[in-house]
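No experiment lies behind these values; they were computed from the predicted model shown. In what follows, residues are counted from 1 in the order of the sequence shown.
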Amino acid sequence: GKRQRDNPDFPLRKFTKCSQCNHPLTAAWARHKYPHYFCYNPDCSMSKVTIKKTDLENSFSLFLSHVK
C-alpha cells in the first residue's frame, strides 16, 4: 500500500528527534505487527536502533505529565 506521511499509527513521527544526530525519527511496522520508531539518517550510529512504539509514546506521555 501507499505510505502515509501523517500516519495516525505513529503520532510522534517527525516530531521526536534522534538523541545522537537530532534528525527527526520516522516509524514503521516491522513484519506488519511490530510498530517501532527509528532514526532514518544513514550516517548516524543510532540508525540501526529501533524503539518500540509503546516505549517511546509512554515516555513522551510521562514527559508531558511533568511539563507545567
Side-chain angles (χ1 to χ4, degrees):
K2 186 180 166 204
R3 278 204 254 161
Q4 286 181 287
R5 190 173 292 267
D6 296 320
N7 188 329
D9 292 342
F10 301 104
L12 299 180
R13 174 193 266 165
K14 306 284 185 204
F15 182 75
T16 51
K17 298 199 176 177
C18 176
S19 62
Q20 295 297 310
C21 73
N22 210 35
H23 195 270
L25 297 181
T26 192
W29 287 90
R31 292 181 285 222
H32 300 287
K33 59 182 175 180
Y34 302 109
H36 63 277
Y37 289 89
F38 58 97
C39 181
Y40 193 63
N41 178 357
D43 298 325
C44 179
S45 62
M46 297 297 285
S47 66
K48 303 286 186 224
V49 177
T50 62
I51 306 155
K52 288 181 186 175
K53 170 183 164 65
T54 53
D55 290 348
L56 182 64
E57 292 175 5
N58 288 341
S59 292
F60 188 76
S61 291
L62 185 62
F63 167 76
L64 288 179
S65 72
H66 290 92
V67 175
K68 301 205 183 240

For the atom pair CG (Leu25) and CZ (Phe10), what is the distance rounded to the nearest 0.5 Å?
->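 Leu25 atom CG to Phe10 atom CZ measures 12.0 Å (nearest 0.5 Å).
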What heavy-atom pair brings Asp55 and Ile51 nearest, and what distance separates the two atoms?
->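 Smallest interatomic distance, heavy atoms only, reads CB-CG2, 4.4 Å.
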Determine the minimum heavy-atom distance between Pro42 and Ser47, stating which atoms define it.
->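 What the structure gives for the nearest pair is O-OG, 4.1 Å.
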Partners of Lys17 by side-chain contact (heavy atoms from CB on, under 4.5 Å), sequence neighbours excluded?
->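 Testing Lys17 for side-chain contact (heavy atoms from CB on, under 4.5 Å), a comparison that skips the adjacent residues, returns Asn22.
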Which pairs would a plain distance check flag for residues 31-38, meaning a side-chain donor or acceptor within less than 3.5 Å of a matching protein atom at least two apart in sequence or in another chain?
unit_1 : atom_1 : unit_2 : atom_2 : d
His36  : ND1    : Ala28  : O      : 3.4
His36  : ND1    : Tyr34  : O      : 3.1
Tyr37  : OH     : Leu12  : N      : 3.2
Tyr37  : OH     : Glu57  : OE2    : 2.6

Set of residues satisfying side-chain hydrogen bond (donor to acceptor under 3.5 Å, both in side chains) with respect to Asn58, sequence neighbours excluded =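 If we apply the side-chain hydrogen bond (donor to acceptor under 3.5 Å, both in side chains) test to Asn58, skipping adjacent residues, there are no hits.
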Transitive ILVMFWY cluster of Val49, excluding itself - 4.5 Å side-chain cut-off |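 Once heavy-atom contacts under 4.5 Å are chained together, Val49 belongs with Met46.
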Backbone N or O of Asp9 within a donor-acceptor pair of the Lys53 side chain at under 3.5 Å?
->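 Yes, Lys53 side chain to Asp9 backbone: donor-acceptor pair under 3.5 Å.
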Where at least one partner belongs to residues 42-68, residue pairs that pass ring pair (Phe, Tyr, Trp, His ring centres under 6.0 Å), sequence neighbours excluded =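 Listed once each, the pairs are Phe15-Phe60.
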